[in-house]
Amino acid sequence: FATVPRPKQDSDEYPPLAYHDARRALLACRTPLEYRVVYYPLYEGCRIFEALQMRPSNWQGQWLDFKGKGGRRRRVPIHPELRKVRKIIDSCETTSRSSAEAAFSALRDRIDLRGVTGEPAVCHGLRKCFAETTYDGGRVGWEVVETLLGHSLGVSETYFHVTDDQKVDAV
């Protein structure tokens, strides 16, 4: 049985970060807000507004349980690296999206962080890096990546059931 082929990138408006650049972003985090806007997208595939809405109550044992885009429920395994910085992230005051984007921009400028196209990196590039590294050339089926990202599966949803074990293996 073949896996669902990886779709073409829909836009280069938000290019992904190369893995080594994403790693530099992780190491450059200084403030709780920087940790929040880098770790959640990179390790959980969260959008920036989802990262800002995370509360301790979203941490359900080994899972993050939250509502994503369109109010759809998402349940994603917690990556061990995110677990290591939980206290720092939880100390982050609730903030606005513009403050979060400004914090990421400051981090990006501090370390000259760029997307794979050479343009200055944006937060969404971390989410795309999560998708690229999770997919890993087909080791993990694209339908699992879609589920982790909270994307609609469309037609493939009727053929595939993504289990919790597949999600854990992917993350």
Side-chain angles (χ1 to χ4, degrees), residues 10 14 16-17 19 21-108 113 121-136 139-154 156-157 160-171:
D10 55 343
Y14 305 115
L17 270 70
Y19 179 78
D21 287 326
R23 185 85 180 130
R24 286 190 320 118
L26 291 168
L27 296 172
C29 291
R30 294 181 183 165
T31 68
L33 182 54
E34 287 177 352
Y35 276 91
R36 183 175 285 266
V37 299
V38 171
Y39 274 74
Y40 275 119
L42 188 60
Y43 285 120
E44 303 300 329
C46 293
R47 295 169 179 90
I48 190 169
F49 79 88
E50 294 165 342
L52 293 174
Q53 293 174 2
M54 289 295 178
R55 301 290 174 263
S57 60
N58 294 112
W59 291 63
Q60 303 288 319
Q62 300 298 313
W63 298 86
L64 279 177
D65 197 337
F66 60 99
K67 289 194 178 180
K69 188 174 178 181
R72 289 189 299 261
R73 181 174 177 250
R74 286 186 46 209
R75 192 165 176 264
V76 181
I78 300 170
H79 193 284
E81 292 300 317
L82 180 65
R83 193 172 294 283
K84 288 178 185 178
V85 298
R86 180 177 180 183
K87 286 183 182 180
I88 296 170
I89 289 172
D90 284 349
S91 72
C92 180
E93 299 283 329
T94 303
T95 189
S96 67
R97 183 176 178 151
S98 60
S99 296
E101 288 173 348
F104 181 81
S105 294
L107 179 144
R108 174 194 66 209
L113 191 60
V122 294
C123 286
H124 202 74
L126 293 167
R127 179 172 152 85
K128 284 190 170 185
C129 183
F130 168 84
E132 292 283 329
T133 56
T134 303
Y135 179 69
D136 193 22
R139 185 184 66 80
V140 173
W142 191 250
E143 66 279 4
V144 177
V145 177
E146 284 182 318
T147 301
L148 290 169
L149 290 172
H151 286 172
S152 297
L153 295 177
S156 62
E157 187 175 53
F160 298 105
H161 172 70
V162 177
T163 67
D164 285 349
D165 287 341
Q166 288 172 305
K167 292 178 189 178
V168 170
D169 289 344
V171 171

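Side chains are part of it too, since the values below use all heavy atoms of this structure and drop only hydrogens, waters and symmetry mates.
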If I take atom [atom1] from residue [X] and atom [atom2] from residue [Y], how far apart are they, to the nearest 0.5 angstrom?
{"X": "L64", "Y": "R55", "atom1": "CG", "atom2": "CZ", "result": "13.0 Å"}
{"X": "S91", "Y": "Y35", "atom1": "OG", "atom2": "OH", "result": "10.0 Å"}
{"X": "R127", "Y": "H124", "atom1": "CZ", "atom2": "NE2", "result": "5.0 Å"}
{"X": "I88", "Y": "T31", "atom1": "CD1", "atom2": "OG1", "result": "10.0 Å"}
{"X": "C123", "Y": "R108", "atom1": "SG", "atom2": "CZ", "result": "9.0 Å"}
{"X": "K69", "Y": "L149", "atom1": "NZ", "atom2": "CG", "result": "11.5 Å"}

Are there over 12 heavy-atom neighbours, none belonging to Y19, within less than 6.0 Å of that residue's OH?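 Counting neighbours around OH of Y19, 12 or fewer heavy atoms of other residues, nucleotides or ligands fall under 6.0 Å, so no.
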Tell me whether the count of non-hydrogen atoms from other residues, nucleotides or ligands lying under 6.0 Å of CZ in R86 goes above 12.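 Atom CZ in R86 is packed in, count exceeds 12.
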I'd like to know whether R97 forms a salt bridge (charged side-chain N to carboxylate O under 4.0 Å, His left out) with E101, so could you lay out the CA-CA distance, the side-chain angles of the two residues, the decisive distance to 0.1 Å, and finally the verdict. CA-CA 6 Å; R97 183 176 178 151; E101 288 173 348; 3.0 Å; yes
Apply salt bridge (charged side-chain N to carboxylate O under 4.0 Å, His left out) to D21 and R24, showing your working. CA-CA 5 Å; D21 287 326; R24 286 190 320 118; 3.3 Å; yes
Of the non-hydrogen atoms in [X] and [Y], which two are nearest, and what is the gap between them?
{"X": "Q53", "Y": "N58", "result": "O-OD1, 3.7 Å"}
{"X": "E81", "Y": "Y39", "result": "O-CE2, 3.8 Å"}
{"X": "L148", "Y": "P77", "result": "CD2-CD, 3.9 Å"}
{"X": "V37", "Y": "A100", "result": "CG1-CB, 3.6 Å"}
{"X": "P16", "Y": "K128", "result": "CB-CB, 3.6 Å"}
{"X": "A25", "Y": "L107", "result": "O-CD1, 4.0 Å"}

Between [Y] and [X], is there a side-chain heavy-atom distance shorter than 4.5 Å?
{"X": "Y43", "Y": "L26", "result": "yes"}
{"X": "I48", "Y": "P41", "result": "no"}
{"X": "I89", "Y": "L82", "result": "yes"}

Report the C-alpha distance between L126 and F104 in whole Å, list the side-chain angles of each, state the deciding distance to 0.1 Å, and finish with yes or no for side-chain contact (heavy atoms from CB on, under 4.5 Å). CA-CA 11 Å; L126 293 167; F104 181 81; 3.7 Å; yes
If only atom types and distance count, is the side chain of [X] paired as donor or acceptor with the main-chain N or O of [Y] below 3.5 Å?
{"X": "T134", "Y": "A131", "value": "no"}
{"X": "E44", "Y": "H79", "value": "yes"}
{"X": "R72", "Y": "G150", "value": "yes"}
{"X": "T147", "Y": "E143", "value": "yes"}

Worked verdict on V168 versus W63 for side-chain contact (heavy atoms from CB on, under 4.5 Å): CA-CA 9 Å; V168 170; W63 298 86; 3.8 Å; yes
List the steps, then state whether side-chain contact (heavy atoms from CB on, under 4.5 Å) holds for R73 with R75. CA-CA 7 Å; R73 181 174 177 250; R75 192 165 176 264; 3.5 Å; yes
Are F130 and C46 close enough, and set up right, to give a side-chain contact (heavy atoms from CB on, under 4.5 Å), and what steps lead you there? CA-CA 9 Å; F130 168 84; C46 293; over 6 Å; no
Please determine whether salt bridge (charged side-chain N to carboxylate O under 4.0 Å, His left out) holds for the pair R74 and E50, giving the CA-CA distance in whole Å, both sets of side-chain angles, and the decisive distance to 0.1 Å. CA-CA 10 Å; R74 286 186 46 209; E50 294 165 342; 2.8 Å; yes
